[in-house]
Structures are given as structure tokens and as C-alpha cells.
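In this chain, residues are counted from 1 in sequence order. Below, all heavy atoms of this structure are taken into account, side chains as well, without hydrogens, waters or symmetry copies. Just so we're clear, the structure is a prediction, and the values are computed from it rather than from any experiment.
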Amino acid sequence: MSQTLGLTRLAYSRVWHQISASKPHQTLTTQPDVTPPSLGRLASRIAVLLMELTMDALMEKHGGSEVLRKAVRGMLPKNRLRDKRLARLKAFEGDAHPYKDNLVRFGGVVVGSEGWQQAVEKIRESDKKRL
């Protein structure tokens, strides 16, 4: 049991949770004294209670790249290739990253940025004229 009583994250995570599916729970319901939520909504709220880290706390602590890495890791198949595949993921925040020189460019314009499709069309037109 928790040393402190109350609704702090640490105290709430150390306490046994008794949840009834037939009557509303004071923390899990969105509207008090209303019928309990459906099974799926109840299960998702219970899962959030049982986690220690929320996405907001993870964003503050490690940044968006770690949140993305954990999401991709959860989507990959659970086998011995998962770590090798995840090692190929390079996630950086903002414009500064060590692989700027390796980005694919068409006519000096980085693929995915504004105007890159026009640069591709110009190259295609010049190739058609040349051939």
C-alpha cells in the first residue's frame, strides 16, 4: 500500500484498484452517477491507470523521437528481427540532424519539401527534350 493517501500518480499506482463493471467508478467515469462506460472504454481507462508513464510525461522527459520509437517498436512483429529493423529507424526532432547530406534531392530541392515536385517535373521535361 502507498505511504501517502490521495490521488497522486505514485500513490495511485501503488494502491490496489477495485473496479466494478456494474456500477460507476468515481475516477473512471466521465459523468458522475451515470451508468458505467462500455467495456472497451472501461478497459482503456484501466490501462491508462496501470501505466506508469503517460505520453505527455515521456514527451517531456525524452522528446518526440522516443515516443515515435516506442510506437514503431510496438507495431513491429515480436521476433528476433525487431531490434535489427528498429535500429534502421533514425528519428530526429527539428531540422538539425547528422544525415542532412544524405537526403534525396531533385534539382537541389529536398524530397518532401515545398516545390520538390516541380523540380522533378523540370528534370523530366529536360530529359524528354534531350532524348
Side-chain angles (χ1 to χ4, degrees):
M1 294 298 271
S2 176
Q3 297 295 325
T4 359
L5 296 175
L7 293 178
T8 63
R9 286 185 185 172
L10 186 59
Y12 204 69
S13 66
R14 290 183 178 169
V15 177
W16 287 96
H17 304 289
Q18 181 177 359
I19 298 170
S20 171
S22 61
K23 57 185 177 181
H25 188 270
Q26 61 181 351
T27 308
L28 296 176
T29 56
T30 53
Q31 300 171 352
D33 300 329
V34 181
T35 59
S38 65
L39 181 63
R41 291 179 190 266
L42 180 66
S44 67
R45 291 180 187 152
I46 291 172
V48 168
L49 285 178
L50 295 177
M51 286 190 256
E52 289 167 5
L53 287 178
T54 62
M55 187 180 84
D56 296 333
L58 197 61
M59 286 282 281
E60 289 176 12
K61 189 174 182 181
H62 297 290
S65 61
E66 186 63 25
V67 173
L68 179 66
R69 182 176 303 283
K70 285 186 177 275
V72 170
R73 181 178 170 85
M75 296 286 181
L76 288 173
K78 279 69 173 174
N79 57 25
R80 62 184 181 181
L81 295 175
R82 176 164 58 170
D83 291 335
K84 292 178 184 177
R85 290 174 177 165
L86 194 62
R88 295 189 316 222
L89 174 66
K90 308 295 184 207
F92 302 100
E93 294 185 42
D95 293 331
H97 57 81
Y99 300 107
K100 272 191 174 180
D101 298 336
N102 296 348
L103 295 175
V104 177
R105 301 172 193 276
F106 284 104
V109 181
V110 177
V111 172
S113 63
E114 289 186 32
W116 76 275
Q117 292 177 337
Q118 288 82 7
V120 170
E121 291 300 323
K122 285 171 73 176
I123 292 172
R124 286 182 181 161
E125 290 297 323
S126 65
D127 285 347
K128 286 180 184 176
K129 290 177 184 176
R130 191 178 48 155
L131 293 176

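- Atom CG of Leu58 is separated from atom CZ of Arg69 by 12.0 Å, given to the nearest 0.5 angstrom.
- A 4.5 Å side-chain heavy-atom check between Val67 and His62 finds every atom pair outside the cut-off.
- Residue Met75 is not grouped with residue Leu86 when hydrophobic side chains (ILVMFWY) are merged at heavy-atom distances under 4.5 angstrom, including chains of intermediate members.
- A salt bridge is defined here as a Lys NZ or Arg NE, NH1 or NH2 lying under 4.0 Å from an Asp or Glu carboxylate O, and Arg124 with Asp127 fails to meet this definition.
- Applying the side chain to side chain donor-acceptor pair (under 3.5 Å) test to every pair with at least one member in residues 71-85, sequence neighbours left out, gives these pairs: Arg73-Asp83.
- Residues Val109 and Ala119 share a closest heavy-atom pair of CG2-CB, 4.1 Å.
- Listed here is the closest heavy atom pair of Ala91 and Ser65: O-CB, 3.7 Å.
- Every residue two or more places apart in sequence or in another chain was checked for a salt bridge (charged side-chain N to carboxylate O under 4.0 Å, His left out) with Glu66, and none qualifies.
- In terms of hydrophobic clustering, with Ile, Leu, Val, Met, Phe, Trp and Tyr side chains grouped at heavy-atom distances under 4.5 Å, Trp116 and Ile123 are assigned to a common cluster.
- Distance NZ/Lys70 to CG/Leu68: 12.0 Å, rounded to 0.5 Å.
- Of all non-hydrogen atoms in Val110 and Ser113, the two that sit nearest each other are O-OG, 2.6 Å.
- In this structure, Phe106 and Val111 approach most closely via the heavy-atom pair CD1-CG2, 3.6 Å.
- Note: Phe92 and Tyr99 have tilted aromatic rings, judged against thresholds of 30 and 60 degrees for the angle between ring planes.
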